[in-house]
Amino acid sequence: MEKYYVTTAIDYANAPPHIGHAYEKIAADIIARYQRLTGKKVFFLTGTDEHGSKVEKAALAAGFESPLAFVDETSSKFKEAWRRLLISNDDFIRTTEERHKKVVQEVFRRMRAKGDVYKGKYAGLYCDGCEDYLRETDLVDGKCPNHQRPPQHSEEENYFFRLTKYKEPLRAWLQEAECHVKPDGRRREVINQLDDPELGDFSITRSRKSLTWGIPVPDDPDHVIYVWVDALTNYITGVGFQSDEEAWNTFWPADLHLIGKDITKFHAIYWPAMLMSADLPLPKLVFGHGFITVEGQKMSKSLGNVLDPVYLAETYGPDAIRYFLFAANTFDQDGDFSRADMVATVNKHLAMGVGNLLNRVVKLLDTHFEGTVPAVSIEQGVLDALEKDTAEFRTFMDEFEFAKAIRSIFEIVDKGNKLLSEREPWKLLKEGKLEEGGQVLVTAMTMLKRIAILLSPITPRLCAGIWDQLGFDSNIESVIFRSSEFTDPILAGQKIRNKGRVFEKLDELTENPAPVPTA
RNA sequence: GCCAGGGUAGCUCAGUCGGUUAGAGCACAGGUUUCAUAAACCUGGGGUCGCGAGUUCAAAUCUCGCUCCUGGUACCA
């Protein structure tokens with residue numbers, strides 16, 4: 001059986017989740033569900049990044065007795081949000097877990113044994129108030145914006161990773177015919193960055209005095225492993241590197257690292273270089289997606305427009321959020337989340353499009369056939385069109401073009417509604433033309449069956465509802481493209497279950513969603 | 001500054017190797033219909049394709065200049 005391993009970025013646990021985090025997890029979930037549909041053995045990993053001085057400071061500021069107690073709470077908020085949004089991850093990794101610590105240290109050892117780690121001096125601008133190094137661009141009038149005083153020039157001894165040694169192999173990897181970084185613009189950008197002679201070795205540790213909340217360097221506890229070696233290795237910890245040989249051999253290398261466009265460089269340069277150094281296979285694809293704005297504006301605490309995914313899921317239901325985010329936005333570009341647009345789109349597509357179609361068919365079957373599917377044949381032309389739309393859907397899904405894939409499904413929905421309008425089965429049935437009227441209804445049911453399957457990665461709850469009303473007893477999530485369940489016609493005698501509206505229209509809500517409390 | 005990408009209907013965008021009256025969805029207007037969630041179906045209006053010049057029988061599509069926007073630009077989750 002073919003496998004598929006998809007990861008998301010692990011989220012930094014210094015604050016609760018917002019809609020931006022959710023966007024990426026839903027995308028990964030849609031991909032995971034779709035890949036399961038294609039019959040692959042899927043492993044889907046997400047989690048939280050829990051080390052670093054920012055977490056430590058946030059914990060103290062929030063009055064926690066320890067950073068660990070703080071991240072316990074924060075990570076549980078992420079887990080809860082993903083549960084509400086029907087995210088089907090197979091594991092949830094936390095970088096503070098023991099299993100991860102071992103892997104990070106092992107990767108460090110391997111890179112060191114390879115001669116790729118050396119001690120050097122890290123020089124930077126250190127702010128005593130922040131207890132951290134600042135960047136030139138962080139400064140306002142030469143001062144730390146948080147503490148209103150100039151940072152000190154400071155140096156410390158760090159371990160460095162010999163990135164420069166891997167520039168050529170990285171270039172070769174990035175230019176392989178099988179593209180490893182998408183979208184293509186990002187790949188070109190990364191190649192440019194690699195060509196920049198100023199891209200040099202980078203430090204992978206901090207001294208214990210400037211960073212305490214982290215994983216110690218093996219055999220040198222005065223040094224703590226700094227962000228990238230700690231965070232990126234989650235992808236191999238999560239599939240059992242050094243702990244579960246079977247999972248590891250099955251799933252690594254990753255088929256897809258799904259990340260925000262801002263961290264493309266770290267995934268397309270640092271991470272593959274680290275893997276080369278550790279003698280591990282490289283991921284097949286890194287995909288940097290766009291960001292989501294809220295009502296046309298960048299999300300920020302000061303604007304008060306940071307949306308809580310749990311609140312949204314409770315208010316509008318998970319399907320509506322999932323559907324709108326990916327039907328209305330282009331995944332590789334920035335997109336927007338607006339409640340008014342979501343309500344309009346979801347009502348039009350899910351309630352009046354799919355839901356109403358189901359309702360029309362189910363009602364007529366109930367009235368004229370006592371809810372039992374009559375024995376009729378389906379026109380070959382309709383079935384051919386169904387296959388054509390399905391093929392189109394798959395092509396777009398394979399390229400992560402979700403909005404276009406969804407449009408392919410709605411080709412079928414529109415055809416279904418047109419079929420009813422043109423053939424007017426209610427008239428045929430009143431005139432006693434049961435054969436002809438029944439044929440129209442079963443044709444529409446066949447379309448609905450396909451719609452439910454194809455749409456299920458995007459709106460799982462709605463599609464389970466359609467599946468149920470069509471009278472299937474199986475779990476829709478067990479359907480795969482190759483199975484007979486996928487292609488079989490709906491059998492005569494199947495009893496439908498008319499349970500009323502499968503997707504209730506949403507109301508326009510005018511009050512502002514509760515912003516995420518600041519940890 | 002440098003590098004990359006982009007400016008096409010009110011909005012979001014398609015437009016393959018340059019070739020007939022520049023397309024889709026949403027929104028808007030009119031009509032048909034009643035099985036259905038006052039839903040559905042049909043028809044229609046609307047664009048000097050950022051600005052200027054050039055190449056060509058022919059340019060949204062190629063070249064140059066200008067202008068505006070976005071992203072990247074040595075360790076930032």
Side-chain angles (χ1 to χ4, degrees), chain A residues 9-15 20-21 48-52 54-55 95 122-124 132-138 158 160-161 163-164 183-193 195-206 226-228 230-232 259-266 269-270 288 290-291 327-330 333-336 341 344-345 347-368 403-404 406-407 410 413-414 416-430 437 440-441 444 500-506:
Chain A
I10 50 173
D11 299 308
Y12 200 56
N14 65 341
H21 296 115
T48 39
D49 179 11
E50 306 188 352
H51 287 128
K54 279 185 188 165
V55 158
T95 55
Y122 176 85
D132 202 359
Y133 287 91
L134 303 178
R135 294 182 302 156
E136 292 274 359
T137 51
D138 291 333
N158 284 161
F160 278 71
F161 174 70
L163 177 68
T164 45
D184 202 53
R186 296 279 152 210
R187 169 160 85 156
R188 284 199 297 268
E189 205 166 88
V190 166
I191 291 172
N192 271 340
Q193 289 168 350
D195 284 338
D196 189 337
E198 299 200 50
L199 177 72
D201 298 340
F202 63 97
S203 68
I204 53 174
T205 65
R206 287 287 181 271
Y226 187 58
V227 54
W228 294 111
D230 182 344
L232 292 164
I259 54 161
K261 60 182 184 179
D262 56 333
I263 52 177
T264 310
K265 178 175 152 189
F266 305 106
I269 294 181
Y270 288 18
F291 290 143
N329 294 304
T330 308
Q333 294 170 20
D334 288 352
D336 187 54
D341 285 355
T345 303
N347 284 352
K348 178 140 185 76
H349 294 199
L350 300 185
M352 302 171 192
V354 185
N356 188 39
L357 176 62
L358 176 72
N359 208 13
R360 300 172 83 176
V361 172
V362 153
K363 182 69 186 298
L364 286 165
L365 270 162
D366 244 1
T367 308
H368 298 278
K404 288 182 181 172
I406 288 170
R407 236 166 281 145
F410 276 80
V413 178
D414 290 346
N417 274 316
K418 278 193 229 297
L419 176 78
L420 296 191
S421 297
E422 284 166 9
R423 303 284 286 276
E424 301 181 307
W426 51 93
K427 278 189 186 166
L428 297 171
L429 294 167
K430 267 182 206 160
V440 175
L441 296 185
R501 300 173 181 182
V502 72
F503 189 94
E504 204 65 57
K505 268 202 228 172
L506 301 176

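Naming: A, B, ... by sequence-line order, numbering from 1 per chain. Quick note: numbers below take in every heavy atom, side chains included, and nothing from hydrogens, waters or symmetry partners.
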Write down the distance between [atom1] ([X]) and [atom2] ([N]), rounded to a whole number of angstrom.
{"X": "Asp262(A)", "N": "rC75(B)", "atom1": "CG", "atom2": "C1'", "result": "15 Å"}
{"X": "Lys261(A)", "N": "rG5(B)", "atom1": "NZ", "atom2": "P", "result": "16 Å"}
{"X": "Asp184(A)", "N": "rG72(B)", "atom1": "CG", "atom2": "P", "result": "17 Å"}
{"X": "Arg423(A)", "N": "rC41(B)", "atom1": "CZ", "atom2": "P", "result": "17 Å"}
{"X": "Glu504(A)", "N": "rU37(B)", "atom1": "CD", "atom2": "P", "result": "10 Å"}
{"X": "Lys505(A)", "N": "rA36(B)", "atom1": "NZ", "atom2": "P", "result": "15 Å"}
{"X": "Leu199(A)", "N": "rC76(B)", "atom1": "CG", "atom2": "P", "result": "13 Å"}
{"X": "Asp414(A)", "N": "rC26(B)", "atom1": "CG", "atom2": "C1'", "result": "13 Å"}

Taking atom [atom1] in both [N] and [M], compute the distance separating them and give it to the nearest angstrom.
{"N": "rC64(B)", "M": "rA4(B)", "atom1": "P", "result": "12 Å"}
{"N": "rU12(B)", "M": "rG47(B)", "atom1": "C1'", "result": "15 Å"}
{"N": "rU16(B)", "M": "rC35(B)", "atom1": "P", "result": "47 Å"}
{"N": "rU61(B)", "M": "rA74(B)", "atom1": "P", "result": "35 Å"}
{"N": "rG65(B)", "M": "rG5(B)", "atom1": "P", "result": "15 Å"}
{"N": "rC76(B)", "M": "rU55(B)", "atom1": "C1'", "result": "47 Å"}
{"N": "rG44(B)", "M": "rG50(B)", "atom1": "P", "result": "27 Å"}
{"N": "rC57(B)", "M": "rU20(B)", "atom1": "C1'", "result": "14 Å"}

Indicate yes or no for a side-chain donor-acceptor contact from [X] to the backbone of [Y] under 3.5 Å, with no hydrogens or angles considered.
{"X": "Asn329(A)", "Y": "Asp336(A)", "result": "yes"}
{"X": "Thr367(A)", "Y": "Leu364(A)", "result": "no"}
{"X": "Thr95(A)", "Y": "Ala231(A)", "result": "no"}
{"X": "Tyr12(A)", "Y": "His51(A)", "result": "yes"}
{"X": "Asp334(A)", "Y": "Phe291(A)", "result": "yes"}

Can Arg188(A) and Asp184(A) be said to form a salt bridge (charged side-chain N to carboxylate O under 4.0 Å, His left out), step by step? CA-CA 6 Å; Arg188(A) 284 199 297 268; Asp184(A) 202 53; 3.0 Å; yes
Is the shortest side-chain heavy-atom distance between Lys505(A) and Met352(A) below 4.5 Å? yes
Structure string for RNA chain B in dot-bracket form, Watson-Crick and G-U at under 3.5 Å, | interchain: (((((((..((((.....[...)))).(((((.......))))).....(((((..]....))))))))))))....
Can you give me the closest heavy-atom contact between Leu357(A) and Val413(A), atom names plus distance?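 Leu357(A) and Val413(A) have their closest heavy atoms at CD2-O, 4.0 Å.
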Is any side-chain nitrogen or oxygen of [X] closer than 4.0 Å to OP1 or OP2 of [N]?
{"X": "Lys348(A)", "N": "rA40(B)", "answer": "yes"}
{"X": "Tyr270(A)", "N": "rC76(B)", "answer": "no"}
{"X": "Gln333(A)", "N": "rC13(B)", "answer": "yes"}
{"X": "Lys430(A)", "N": "rC35(B)", "answer": "yes"}

If the threshold is 4.0 Å, N to carboxylate O, is there a salt bridge linking Lys363(A) and Asp366(A)? no
Which of these nucleotides, [options], is closest to any side-chain atom of [X]?
{"X": "Met352(A)", "options": "rA36(B), rA40(B), rA77(B)", "answer": "rA40(B)"}
{"X": "Arg188(A)", "options": "rC75(B), rG5(B), rC3(B)", "answer": "rG5(B)"}
{"X": "Trp426(A)", "options": "rC41(B), rC35(B), rC76(B)", "answer": "rC35(B)"}
{"X": "Tyr226(A)", "options": "rC76(B), rA38(B), rA36(B)", "answer": "rC76(B)"}
{"X": "Arg186(A)", "options": "rG71(B), rA74(B), rA40(B)", "answer": "rG71(B)"}
{"X": "Glu189(A)", "options": "rA77(B), rG71(B), rA40(B)", "answer": "rG71(B)"}

Under 3.5 Å between N/O atoms: give me all the protein pairs with nucleotides 42-46 of chain B, atom names plus distance.
unit_1	atom_1	unit_2	atom_2	d
rC42(B)	OP1	Lys418(A)	NZ	3.0

Give a yes-or-no answer on whether the side chains of Arg501(A) and Asn356(A) include a donor-acceptor pair shorter than 3.5 Å.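 Looking only at side-chain atoms, Asn356(A) and Arg501(A) do not form any donor-acceptor pair under 3.5 Å.
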Using only heavy-atom distances, determine whether the side chains of Thr164(A) and Asp201(A) contain a donor-acceptor pair under 3.5 Å.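 Judged by distance alone, the side chains do pair up.
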Regarding [X], tell me which of base, sugar-phosphate or nothing describes its non-hydrogen contacts under 4.0 Å with the strands shown.
{"X": "Gly185(A)", "result": "nothing"}
{"X": "Val361(A)", "result": "nothing"}
{"X": "Phe266(A)", "result": "base"}
{"X": "Lys363(A)", "result": "sugar-phosphate"}

Pick the nucleotide of RNA chain B nearest each of Asn192(A) and His349(A); which residue has the one closer to the 5' end?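 Looking at the nearest nucleotide for each, Asn192(A) comes out on the 5' side.
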Judged by each residue's nearest nucleotide on RNA chain B, which is more toward the 5′ side, Leu420(A) or Ile204(A)? Leu420(A)
Look at the side chain of Asn359(A) and the base of rA36(B), then say whether one donor and one acceptor between them are separated by less than 3.5 Å.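 Check fails, no donor-acceptor contact within cut-off.
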Near-ring test Phe202(A)/Phe160(A), centroid separation under 6.0 angstrom: no
